[in-house]
There are 2 protein chains.
Amino acid sequence: MSNSKLYKGSLTTIILKLLNESDKMYGYEITQKVKELTKGELKITEGALYPALHKLEAEGLLDVEVKKVDNRLRKYYKITESGTKETSNKLNELANYIATMQALVNPKFNLE
Amino acid sequence: MSNSKLYKGSLTTIILKLLNESDKMYGYEITQKVKELTKGELKITEGALYPALHKLEAEGLLDVEVKKVDNRLRKYYKITESGTKETSNKLNELANYIATMQALVNPKFNLE
DNA sequence: CAAATATACATAATATTCTTATGCATAATA
DNA sequence: TATTATGCATAAGAATATTATGTATATTTG
């Protein structure tokens with residue numbers, strides 16, 4: 001994803017957030033969207049993305065629909081109701097993580 | 001460390017930053033300091049901390065000095081010169097991570 | 001037109017980091 | 001006296017990602 005190890009554990013949050021905003025997306029589309037939004041700073045590798053999507057689907061957070069476009073296969077992922085709830089949790093966790101790290105790293109930020 | 005997976009990969013940054021600020025600290029002291037600064041949100045487990053300290057020492061980012069205090073052993077860690085450089089890198093990576101995640105998650109934050 | 005790149009999915013071997021469990025030992029507190 | 005706190009350590013396992021590889025079609029470039 002990046003040379004920085006900090007992104008480890010963030011992929012699920014990213015996928016859920018993007019799918020929560022759009023009607024549906026397919027894997028390759030997600031990699032391109034992330035590259036675009038982060039100005040190339042973050043590149044999702046396939047070896048990380050596809051297993052993550054499969055896991056989210058198995059957990060019932062995403063639904064999948066296969067379509068053939070231009071004679072090529074696409075697996076469209078769509079967020080489920082529990083996926084939307086989990087997105088909210090993940091975004092809270094992210095905000096919390098950022099606040100906590102700033103409290104640790106920047107003496108000016110105090111929790112509470 | 002926390003129920004949130006986002007902290008994965010952050011421990012090295014935390015250790016280096018704390019040691020960069022103080023003269024020297026020992027392992028147990030680090031766990032208590034983190035608990036205090038984060039109001040209990042983050043608890044460093046020994047199974048994560050000690051291997052991480054050993055690795056940083058092996059990489060030459062920390063120096064170690066063993067002392068006996070109150071008949072109990074303490075291993076004091078002190079940051080080295082290259083440890084100070086690496087702290088700076090890690091803090092830049094953290095700031096970058098936060099900016100990137102906000103760009104992904106919050107449409108109001110744009111990179112550049 | 002052939003070669004390279006882009007699109008599109010997938011998995012397996014390996015690396016890294018952390019959790020959980022366990023172990024040893026002393027000091028302080030309930 | 002039993003539990004908690006202090007203080008270190010490692011091993012088994014889980015989770016997540018990297019790197020490499022495989023398959024296949026479409027498009028672009030030299």
Side-chain angles (χ1 to χ4, degrees), chain A residues 1-16 24-36 40 42-59 61-62 64-77 90 93-94 97 100-101, chain B residues 1-16 24-36 40 42-59 61-62 64-77 90 93-94 97 100-101:
Chain A
M1 296 177 79
S2 154
N3 65 316
S4 168
K5 290 162 189 170
L6 294 172
Y7 290 95
K8 204 174 277 262
S10 309
L11 184 54
T12 297
T13 304
I14 294 169
I15 293 172
L16 287 176
K24 58 179 167 26
M25 291 180 88
Y26 56 99
Y28 187 75
E29 188 183 6
I30 292 174
T31 67
Q32 299 309 301
K33 186 71 179 175
V34 168
K35 205 190 292 179
E36 176 205 328
L42 197 55
K43 287 169 190 166
I44 307 295
T45 59
E46 298 144 300
L49 178 66
Y50 292 115
L53 287 171
H54 300 162
K55 196 187 173 206
L56 289 171
E57 189 202 342
E59 290 168 351
L61 304 182
L62 300 181
V64 68
E65 189 192 349
V66 181
K67 279 194 181 175
K68 202 158 199 172
V69 179
D70 291 335
N71 205 36
R72 266 202 243 90
L73 209 73
R74 281 184 189 171
K75 289 181 80 171
Y76 279 97
Y77 290 92
K90 290 293 184 188
E93 282 182 9
L94 178 61
Y97 168 83
T100 300
M101 288 302 287
Chain B
M1 297 172 82
S2 153
N3 65 315
S4 167
K5 290 163 190 169
L6 294 173
Y7 291 95
K8 202 174 277 266
S10 309
L11 183 55
T12 296
T13 303
I14 294 169
I15 293 172
L16 287 177
K24 59 180 165 31
M25 292 181 88
Y26 57 99
Y28 187 76
E29 188 183 6
I30 292 174
T31 68
Q32 300 309 301
K33 185 72 179 173
V34 167
K35 206 191 289 180
E36 176 204 328
L42 198 55
K43 287 166 189 166
I44 307 297
T45 60
E46 297 144 300
L49 179 66
Y50 293 115
L53 287 172
H54 299 163
K55 196 186 173 208
L56 289 170
E57 189 201 343
E59 290 168 349
L61 305 182
L62 300 182
V64 69
E65 188 192 350
V66 181
K67 278 195 182 175
K68 202 158 199 173
V69 179
D70 289 337
N71 204 35
R72 265 202 245 90
L73 210 73
R74 282 185 190 170
K75 288 181 82 171
Y76 280 98
Y77 290 92
K90 290 293 184 187
E93 282 182 9
L94 178 61
Y97 168 84
T100 300
M101 288 303 286

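All chains are named by letter (A, B, ...) in the order of the sequence lines, taking the proteins before the strands, and each is independently numbered beginning at 1.
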By the 4.0 Å heavy-atom rule, please label [X] as base, sugar-phosphate, or nothing.
X       : value
A/Arg74 : sugar-phosphate
A/Lys55 : sugar-phosphate
B/Ser10 : sugar-phosphate

- Query: On DNA chain D, nearest-nucleotide positions of B/Tyr77 versus B/Arg72: which is more 5'?
  - Reply: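 Of the two residues, B/Arg72 wins.
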Filter on salt bridge (Lys or Arg N to Asp or Glu O under 4.0 Å), then keep only pairs touching residues 46-56 of chain B, sequence neighbours left out; what's left?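 Applying salt bridge (Lys or Arg N to Asp or Glu O under 4.0 Å) to every pair that reaches into residues 46-56 of chain B, excluding sequence neighbours, yields B/Lys55-B/Glu59.
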Among the candidates D/dA26, D/dG7, C/dC9, find the nucleotide nearest to the side-chain atoms of B/Tyr26.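 Shortest atom-to-atom distance from the side chain points to D/dG7.
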Whole Å only: how far is the NZ atom of A/Lys68 from the P atom of D/dA24?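 Going from A/Lys68 (NZ) to D/dA24 (P), I get 12 Å.
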Check the interface with nucleotides 12-15 of chain C: list each N/O to N/O pair with the protein under 3.5 Å, or write none.
none

Dump every N/O contact between nucleotides 21-23 of chain D and the protein below 3.5 Å, one line per pair.
none

Exercise. Would you say a side-chain N or O of A/Tyr50 is under 4.0 Å from OP1 or OP2 of C/dC9?
Worked result: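 So the side-chain polar atoms of A/Tyr50 do come within 4.0 Å of the phosphate oxygens OP1 or OP2 of C/dC9, strictly under.
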For nucleotides 1-3 of chain D, list the nitrogen or oxygen atoms of the protein found under 3.5 Å from its nitrogen or oxygen atoms, one pair per line.
none

State which residues pass side-chain contact (heavy atoms from CB on, under 4.5 Å) with A/Gln32; sequence neighbours excluded, sorted by chain then number.
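A/Gln32 satisfies side-chain contact (heavy atoms from CB on, under 4.5 Å) with A/Tyr28, A/Lys35 once adjacent residues are dropped.
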request  = List in chain and number order the residues that pass ring pair (Phe, Tyr, Trp, His ring centres under 6.0 Å) with B/Tyr97, two or more places apart in sequence or in another chain; answer none if no residue qualifies.
outcome  =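 So B/Tyr97 forms a ring pair (Phe, Tyr, Trp, His ring centres under 6.0 Å) with A/Tyr7, A/Tyr97.
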